[in-house]
Structure formats: structure tokens, C-alpha cells
Amino acid sequence: MARELIKEALSKALAAAREAGEVPGDLGVEAELRPPRDRRWGDISTNLPMVIASAANLNPRAVAQAMVARLDLPEEVVQKVEVAGAGFINFTLSPEWLRGVVRRVLTEGENYGRSDAGGGKKLLLEFVSANPTGPLAVVQGRAAAIGDTLANLLAHTGWRVSREYYVNDATNSTQVRRFAETLEARYLQHFGREAAVPEDGYQGDYVVEMAEELVKEQGERYLDMEPEERLSALTEYSLQRIVESQRRDMQAFGIEFDTWFLESSLYENHEVEATMDALKAGGYTYEAEGALWLRATELGDEQDHVLVRRDGRPSYLAADIAYHRNKFERGFDRLVDIWGPDHHGHITRLKAGVQALGYDAGRFEILIHQIVRLFRGSEMVRMSKRAGDIVPLSGLVDDVGKDAARFFFLMQSMESHLDFDLELAKKQAADNPVYYVQYAHARICSILRSAEEKGISLPEIEAVDLDLLGEPEELELMRKLADLPEEISQAAARYEPHRMTRYARELASVFHVFYTKCRVLGDDPALTGARLAMVTAARTALGIVLRILGVSAPERM
RNA sequence: GCGCCCGUAGCUCAGCUGGAUAGAGCGGCUGCCUUCUAAGCAGCGGGUCGGAGGUUCGAAUCCUCCCGGGCGUGCCA
């Protein structure tokens with residue numbers, strides 16, 4: 001890779017400059033090596049001279065000159081090196097090297113851009129994990145898109161990734177109980193019995209619908225049961241139905257979890273108990289006001305938290321600590337959770353619990369994504385499962401399609417609020433950026449079909465004269481292809497999946513420009529062969545990116 | 001009150017571990033289809049980077065304070 005070469009040449013030049021006494025000894029500085037802000041300045045740029053100058057109180061341009069004078073880089077890789085601005089060194093890659101990228105993409109195929117940064121280590125990525133008290137909402141779609149794409153990125157960079165969905169199906173959960181009570185009320189109401197939805201119950205119509213289905217399936221079976229028995233039966237029924245619907249929603253959204261982890265299993269296997277015992281043994285608990293508390297304040301939290309309620313039911317936190325203990329015990333090297341913004345307050349206490357158990361909190365990361373605000377035109381839609389004004393993810397997918405929805409969710413960084421206008425998403429489906437990218441892919445496929453019809457086939461890569469590729473539009477396209485491995489590494493390492501939608505649009509853009517300017521299937525067979533090789537490489541790269549995003553790569557549009 | 005996220009073009013947002021002339025998409029206006037898909041391309045406009053101080057050779061980026069929006073701060077999950 002050109003980056004590595006440049007990096008090495010820089011450090012050698014720096015060492016030589018030090019020996020000559022032009023630059024002081026080890027300053028412990030770290031410099032960047034990245035594309036300059038304006039690509040006309042070159043392909044790769046470093047601020048190293050400025051960083052050195054800053055630490056040693058020298059003139060940055062002088063340091064840059066001293067280093068450039070000692071740089072030793074092969075001409076077939078780097079065409080031009082220059083000092084620019086306040087003290088940058090800019091490198092322009094040679095056309096020869098760029099052409100080599102085409103060969104590399106064609107050789108590596110689907111594996112182009114892979115790295116072994118993760119070293120085959122095991123990583124558990126938990127995401128969505130919505131309460132089983134209603135259909136998945138739009139905000140969970142955001143979590144799903146972020147999580148799935150991040151999982152793809154991490155897998156692409158050498159991690160063994162497991163996708164996991166945590167099902168809060170514990171029957172001692174207050175919310176699960178409220179939901180069952182709501183269903184019960186709706187069920188009884190169907191038969192004209194006096195029954196009210198609990199004050200903090202679920203107002204949504206979907207509960208009424210579920211009750212109707214229940215009547216259809218089971219008739220009057222629960223009508224005259226003992227209340228506690230009925231409630232427990234309805235709890236089981238609703239949990240099963242809702243989890244099933246969530247699973248269907250995720251499938252329709254193109255996401256397959258490796259594991260649907262049941263909170264109830266933690267109770268069945270006495271892991272919650274065992275976890276509480278371990279916390280007690282470690283001296284991190286105390287009893288007060290009839291409850292068992294976690295000494296979270298000793299572990300960086302602002303307040304202590306209840307682990308076991310006065311009535312003996314473990315809290316959500318207790319189960320969650322047990323759950324993460326379970327994750328560590330399953331042998332994962334790294335744990336990553338993606339949570340919604342409403343769980344932000346939960347981070348410190350869970351980490352406190354994990355630390356109290358003696359696990360390395362540095363191997364456990366929690367990412368918070370921000371909310372999705374839904375608009376119908378200019379009117380904001382308030383969403384609350386309990387109030388019943390819910391816009392289901394399935395409805396969104398039906399409206400705008402899986403591809404557009406996933407792409408849209410990933411166009412913004414996760415820490416930024418996302419405004420989603422339902423009307424606009426529907427009305428402008430054809431203008432959605434996802435089509436811009438998919439169209440580039442379809443166009444390439446169209447060229448390849450056309451070539452086939454004309455009896456032109458892609459020559460063996462050894463037989464292609466890539467030196468014929470020299471138009472500015474061609475060089476731009478190859479430059480962008482060359483960027484892909486670094487884009488993937490950065491997006492994965494920084495947990496920033498939204499970078500990939502940006503890159504996808506850039507890659508599509510340089511292709512569209514090339515397409516407008518240059519003809520692939522022309523009169524010159526050699527040039528045609530070279531361009532066929534290049535657009536085939538572009539298709540491969542686009543395909544990789546779209547697969548990472550979970551967006552389909554259509555051959556026709 | 002305290003904690004976290006956000007405030008950048010008309011709209012939606014990138015850029016934020018300090019670096020060059022602050023970018024993109026959408027919307028607006030103007031051109032481009034005999035030839036591999038016009039769901040495309042080219043061009044024109046568009047900015048007190050919420051405000052005020054500070055650190056620095058250099059601040060959208062770091063620090064302090066303030067303003068505005070959102071979320072959290074349960075023996076709910």
C-alpha cells in the first residue's frame with residue numbers, strides 16, 4: 001500500500017533529519033496521514049512538519065523542506081511531493097500506482113478492502129433489544145441499520161462478530177405485566193365485561209387488535225379464569241406473539257441475529273442469583289429500606305441503585321448485570337452495545353456492576369444513538385408506545401422500501417438527531433440518494449450486458465493494457481477505488497457506519513462523471529478492454545459497499 | 001439543579017483526537033439525450049460555523065460562561 005510506503009519513508013526522512021541535527025530528538029509526536037482537504041493538492045497529506053515544529057518551536061515550512069529533501073520514494077508510486085500551506089507535505093500518487101488498484105480489485109474481488117485489524121478476536125454486538133410490549137418502531141430501525149452495518153464493517157476488518165438481540169421477557173418486569181394487564185382489559189372488554197386499561201398501560205390500537213386475534217384463536221377460554229392465572233397465561237401469549245413479530249420485522253429489514261437472548265433464561269439458570277451473590281461477596285452491596293443496593297457510587301456513579309426490590313423481585317439492572325456477566329463468560333474479547341438515548345442514564349450503573357464483578361470495563365463499550373423525530377410534512381409526530389401513537393418500522397419499510405430506509409438511517413452520524421419526514425420519504429422515493437448509488441451500479445451492469453451482447457468479453461487482467469487509462473475522470477475513479485480499504489477501516493475502528501453512505505455517494509458520483517465523459521464500448525479494442533476492467537472493478541467496490549450497508553445492488557433500474 | 005447529545009448555506013446534514021480558500025445532498029435558476037440507462041452530467045447563486053471571552057503561529061474543532069432545542073436524572077425498562 002502506498003500509505004505504508006509513505007509512512008515508512010517519512011519516518012526514515014525524519015530520522016535522517018534528526019541525525020543531521022535539523023530536528024531535535026524524539027518528540028513523541030503523532031502525525032496524520034490522510035487525504036488533503038482539496039484533492040487537487042494531492043492524494044495523501046501529512047501535517048507532520050507542523051506537529052514537529054509546534055513541539056520544538058521551529059519553522060514548520062523549514063522542517064517540511066528538510067524532510068522532503070530526505071524523502072526517498074519510488075517514482076512509480078509517488079509522482080510528486082511538495083510542501084504546501086503552513087507546512088503540509090502533499091503526495092500525489094502516480095497514475096501507474098492508481099492503475100494497479102484496478103488490478104488489485106479484480107484480483108481480490110469481494111475481499112477487496114478487508115483487513116485483519118480485529119485479528120480474529122470475538123466481538124458481541126448487541127442492538128435493538130426493544131421491550132416486548134409492541135411492534136418495533138422507527139427508532140429501532142435506526143438502531144438496526146446502525147448495528148447491522150457496524151457488524152458488517154467489523155467483520156470486514158477481521159473481527160468474529162455475533163449479532164445479538166436481548167429479549168426482555170422476564171415475567172417479573174413491571175412493563176411486561178402492564179402490557180399483559182392491558183391485553184387482559186381489551187380481551188374482557190370484547191366480551192362486554194367491565195375492565196379498564198391500567199393508567200400506565202398501553203393505549204395503542206395494536207393491543208386491541210391483538211385482543212381480537214386472541215378471541216379468534218382462543219375464544220372464551222380465559223374469560224372465567226382466576227385473575228392471576230389468566231394474567232400469567234396472557235403474559236406468555238403476548239410475549240410470544242410480540243417477539244415473533246419483532247423477529248419478522250427484523251427479517252423484513254434484512255437483519256439476521258445470531259442469537260435472540262432471553263432475559264428469562266438468566267432467571268431459569270439462576271444466573272441473576274449467582275450474580276447477586278458475587279456482588280455481595282465482593283462487598284459491593286448493602287441492604288437498606290428493605291431492598292438490596294449496589295454501591296455504584298464507589299465505582300464512579302452519582303448514586304447507588306436498587307438490585308433487588310423490597311418485594312423480592314430483582315430490578316432490570318440486576319438482570320442486565322447478570323446478562324453482561326454471561327456475555328463475558330461466553331468468551332467474547334469485546335462487547336459492544338448500541339442503545340437508544342433514553343437509556344443513557346443506565347450506562348454508568350451497568351459499567352459499575354460489570355467492574356464490581358471484576359471484568360475489564362475497557363473491553364465493554366456502549367454506543368448511544370440519538371432519537372428519530374418523525375414528521376408528517378411539517379408536523380412532528382409524538383411517539384410513545386404507551387400513548388399509542390406509534391409508527392411501526394414495518395409501515396416505514398412498506399412505504400419507502402428497505403433499501404431507502406436503511407440508507408436514510410445511515411446518512412447521519414448516530415449521535416445526531418434524525419428528522420424523518422414520512423411524506424417526503426414517500427413522495428420523493430425516486431430522489432432518495434440511495435437510488436443515485438444503486439443507479440451507478442445498474443449502469444455498470446448495463447454496460448457489461450451491452451458488451452456481452454456485442455460479443456465483447458472482459459480480457460484476462462494480464463492482457464489488459466491499463467496504461468491506456470489516463471483521462472482525469474478515469475484517474476478520479478481509480479483514486480476513489482483506492483480509498484475504499486481506508487474508508488472501511490476508519491468506519492469500523494471509529495464505530496462510524498454513516499461514513500459508508502458518504503463514500504458510496506462519492507464513488508457513485510465519480511463513476512457518473514466518468515460515464516458521462518468517457519465511452520466504455522468504443523472503436524479501440526484495447527481501450528475498451530481497459531475501461532471494461534476499470535468499470536468491473538467499480539462494480540465490485542460498489543457491491544462491497546452496498547452489501548455492508550445492507551442495501552441491494554440492482555442490475556437494472 | 002446536575003449529566004449527556006445537538007446548534008454549520010433556504011432545508012437536512014458532513015467536517016470536530018486544532019491546520020490550507022468551511023463541504024455535500026435537497027430545493028431555486030440555466031444549459032446538455034442520433035451513440036453503453038437523463039433515477040445522469042455541467043454551470044450559477046447561497047455562510048457573523050448559536051453568542052461572548054480564552055488558549056495557540058493557527059479554532060467550526062480545545063477551555064470557560066451564556067442562549068436555544070432534545071434526552072436522562074425510578075424499588076420503569
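None of the values given here were measured: they were computed from a predicted structure. Per chain, numbering begins at 1; letters A, B, ... match sequence-line order.
- The nucleotide whose nearest atom lies closest to any side-chain atom of A:Tyr436 is, among B:C41, B:G3, B:C5, B:C41.
- B:C32 shows a glycosidic angle more than 90° from 0 and is accordingly assigned anti.
- For A:Gln490 and A:Glu486, the side-chain atoms include at least one donor-acceptor pair closer than 3.5 Å.
- Of the listed nucleotides (B:C5, B:C36, B:C76), B:C36 has the atom at the smallest distance from the side chain of A:Tyr515.
- Contact annotation for A:Arg349: base contact, defined as any heavy-atom pair under 4.0 Å involving a base atom.
- Across all strands shown, A:Val513 has heavy atoms under 4.0 Å from sugar-phosphate atoms exclusively, and none from any base.
- Proximity note for A:His512 (side chain, C-beta onward) versus B:G40, B:C36, B:A14: the nearest is B:G40.
- The nucleotide whose nearest atom lies closest to any side-chain atom of A:His343 is, among B:A77, B:A14, B:U21, B:A77.
- B:A20 and B:A39 have their C1' atoms separated by 37 Å, with the value rounded to a whole Å.
- Comparing atom distances between the A:Val520 side chain and each of B:G74, B:C36, B:A22 picks out B:C36 as nearest.
- Remark: B:G43 base-pairs with B:C29; criterion is Watson-Crick or G-U wobble with both hydrogen-bond distances under 3.5 Å.
- In this structure, the CD atom of A:Glu496 is 8 Å from the P atom of B:C16, given to the nearest Å.
- OP1 or OP2 of B:A14 sits under 4.0 Å from a side-chain N or O of A:Ser416.
- Nearest-nucleotide assignment on RNA chain B puts the 5′-proximal partner with A:Gly85, out of A:Gly85 and A:Ile371.
- Cation-pi check for A:Lys80 over A:Phe91 is not met; the charged atom does not lie both under 6.0 angstrom from the ring centroid and within 45 degrees of its normal.
- Judged by atom type and distance alone, A:Asn47 does not reach the base of B:A20 through any side-chain donor-acceptor pair under 3.5 Å.
- At the phosphate of B:C6, neither OP1 nor OP2 sits under 4.0 Å from any side-chain N or O atom of A:Gln412.
- Pairing of B:G3, defined by two Watson-Crick or G-U wobble distances under 3.5 Å, is identified with B:C71.
- Nucleic acid contact for A:Pro60: none, since no nucleic acid atom lies under 4.0 Å from a heavy atom of the residue.
- Heavy-atom nearest nucleotides on RNA chain B were determined for A:Thr516 and for A:Arg449, and the one closer to the 5' end corresponds to A:Arg449.
- OP1 and OP2 of B:G15 both lie 4.0 Å or more from every side-chain N or O belonging to A:Arg494.
- At least one side-chain nitrogen or oxygen of A:Arg309 sits closer than 4.0 Å to the OP1 or OP2 atom of B:C76.
- Neither OP1 nor OP2 of B:C75 sits under 4.0 Å from any side-chain N or O of A:Arg310.
- Considering only side-chain N and O atoms, A:Tyr202 lies nowhere under 4.0 angstrom from the phosphate OP1 or OP2 of B:A77.
- Each of A:Trp339, A:Phe257, A:Tyr166 was evaluated against A:Phe127; a single residue qualifies, A:Phe257, per the side-chain contact (heavy atoms from CB on, under 4.5 Å) test.
- Judged purely by distance below 3.5 Å, without hydrogens or angles, the side chains of A:Asp43 and A:Thr92 never pair a donor atom with an acceptor atom.
- Residue A:Cys518 is in base contact, counting any heavy-atom pair closer than 4.0 Å across all strands shown.
- Remark: A:Ser413 is in phosphate contact with B:A14, judged by side-chain N or O atoms under 4.0 Å from OP1 or OP2.
- One side chain, A:Glu365 or A:Tyr495, offers a donor N or O that lies under 3.5 Å from an acceptor on the other.
- Within the 4.0 Å cut-off from OP1 or OP2 of B:G23, not a single side-chain nitrogen or oxygen of A:Arg502 is found.
- No side-chain donor-acceptor contact under 3.5 Å links A:Asp337 and A:His343.
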